[in-house]
> 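A single structure is presented below for examination.
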2 protein chains.
Amino acid sequence: MTHRDQLLQAAVRVYAEVGYRGATTRRIASEAGVNEITLFRHFGSKDALLREAINRAEDAVVEPALPEAPEAPFAEVLEWARRYIVGLRERRALIRTCMGEIEEHPGLIPPEGSPPAKAAKALCRYLRRLRDLGHAKADFDESAASALLMGALFADSMGRDVIPDMYSNQPEEALREYVRLFLRGIGVEQSDPAGDA
Amino acid sequence: MTHRDQLLQAAVRVYAEVGYRGATTRRIASEAGVNEITLFRHFGSKDALLREAINRAEDAVVEPALPEAPEAPFAEVLEWARRYIVGLRERRALIRTCMGEIEEHPGLIPPEGSPPAKAAKALCRYLRRLRDLGHAKADFDESAASALLMGALFADSMGRDVIPDMYSNQPEEALREYVRLFLRGIGVEQSDPAGDA
DNA sequence: CCCCGTAGCAAGCGCCTGCTTGCATGCCCT
DNA sequence: AGGGCATGCAAGCAGGCGCTTGCTACGGGG
């Protein structure tokens, strides 16, 4: 791995932990195992380094997929939600920091086509097919419905370790219950609410 | 208003905007309209000032109430959700900053009985009565159900101004749809899904 | 063999940080 | 009138910040 990549990785790591002001060039360079001057020779400034590092980290996010042709809604949505929430949990330190600083440093985060927006689009399309194929019998708005489920997954992944009073149940059981409630909300009769995915 | 209160108010305001490291004692004092030295004479240190300011701001949060005896679930939950999301939106800068720094400065936020945990408890109790009284006919877990709705409200209030792609619908219409989906999910037949609260 | 790009080291620049000291000023209560 | 108390001003401390300069060392391709 080149020094450049070491610096980029250390930069996201440190930024996720201590934010923009806390991520000093000395500390990033130290965590990357290179000299601070090498940082400036490669990126010119702290701002440019952090911008590139965060953009790269965001581009590396892989969104879970939903089948084009729905067959078993409960299993499919559960599996999608599980993958989605795992991704959120893994990146939660970075997400939290970005959320806290997005108003102060909007330039650090690429403006359009962010991961949650892409995931919402995919879920919306799946829900539309679900209704068109007669699996979802209720009258509902797909974008609000996907925001409901994704919002619950987001809040769970961000809050579970911080507000234990509120999330005292088991993560996996909570996940299944979210999906159960959600599918019932859009009018899906569930095939196997107790089985595995 | 005493200088002490001016300092406390300026401290939360500046902290919400620029975080712990950005909230310098000079800036807080300047925004409060008092001398920096007065800050140290009153609170001793920046840390003590911020701790007291944030604790006080959190104590001042008033949670919306739910009726003890459910009568019109849709109207009642909608009104509660509306008040709850309004509170979140008003405090969203502070909430975002706290979220981003809770791992680094856990001492700033009082550990137990945080506002969302209290709200979740209240909603859980309401949902239990809803089921006991036969209004909610589905088999569901109250704590997961309340986490579902509250998570959606939380994510909406935090993300609407930041991910416009995902929240392109109108806030009020989205809110009604969250409540509609949620109530259908717990097995409530809705009385007036189109009427006002 | 030498040359050039990449790297490190030591030092430092001006600025900001939290916090302190010394002293003067005003106001309220008695 | 006078004594205390809260406040302000000027100045400064040591330390950290982003970033720069000058110089040296290495290692592969002409």
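We name chains A, B, ... by the order of the sequence lines, and we start the count at 1 in each one.
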> Which residues pass the side chain to side chain donor-acceptor pair (under 3.5 Å) test with B:Q170, not counting sequence neighbours?
none

> Would you say B:P73 and B:Y126 make side-chain contact, with heavy atoms under 4.5 Å?
yes

> Please state how far atom NZ in B:K46 lies from atom P in D:dG16, giving the value in whole angstrom units.
15 Å

> Round to the nearest Å and state the distance from A:R27 atom CZ to D:dG15 atom P.
20 Å

> Would you say a side-chain N or O of A:H42 is under 4.0 Å from OP1 or OP2 of C:dA7?
yes

> With a cut-off of under 6.0 Å to the ring centre and 45° to the axis, is A:R131 in cation-pi contact with A:F140?
yes

> Taking CG from B:N35 and C1' from D:dG12, how many angstroms apart are they, rounded to a whole number?
15 Å

> Just so I know, are the side chains of B:S157 and B:R92 near enough to count as touching, which here means a heavy-atom distance under 4.5 Å?
no

> Test of understanding: with side chain to side chain donor-acceptor pair (under 3.5 Å), list the residues that count as partners of A:E36, not counting sequence neighbours.
A:T25, A:R26

> Quick one: what's the B/S/- string for nucleotides 20-28 of chain C, heavy-atom cutoff under 4.0 Å, read 5' to 3'?
BB-------

> Taking only residues two or more places apart in sequence, or in another chain, which ones meet B:R41 in a side chain to side chain contact (heavy atoms under 4.5 Å, CB included)?
B:I37

> If you look at every strand shown and take non-hydrogen atoms under 4.0 Å, does A:A23 touch a base, only sugar-phosphate, or nothing?
sugar-phosphate

> How large an angle, rounded to 10°, do the end axes of the helix from C:dC1-D:dG30 to C:dT30-D:dA1 enclose when each is built from five base pairs?
10°

> What I'd like to find out is whether the side chain of A:F154 reaches to under 4.5 Å of the side chain of B:F154, using heavy atoms alone.
yes

> Near DNA chain C, counting only heavy atoms under 4.0 Å, which residues of residues 14-22 of chain B show up?
none

> In whole Å, what is the span from the CZ atom of A:R26 to the P atom of D:dT20?
13 Å

> Look at the side-chain N and O atoms of B:T24 and state whether any lies under 4.0 Å from the OP1 or OP2 oxygen of C:dT17.
yes

> Out of A:R129, A:K121, A:R128, which one pairs with A:E142 under the salt bridge (charged side-chain N to carboxylate O under 4.0 Å, His left out) rule?
A:R128

> Side-chain contact test, heavy atoms from C-beta onward, threshold under 4.5 Å: evaluate it for B:F182 versus B:V188 and give yes or no.
no

> Can you see if the side chain of B:H3 gets near the phosphate of D:dA6 - specifically, an N or O under 4.0 Å from OP1 or OP2?
no

> Do the side chain of B:R184 and the main chain of A:G185 share a donor and acceptor less than 3.5 angstrom apart?
yes

> Measure CG/A:L39 against C1'/C:dG8 and give the value in whole Å, please.
14 Å

> Taking only the side-chain heavy atoms of A:T25 (C-beta and beyond), determine which of C:dA7, D:dC19, C:dG18 contains the nearest atom.
D:dC19

> Hey, does A:I28 have a side-chain heavy atom less than 4.5 Å from the side chain of A:Y15?
no

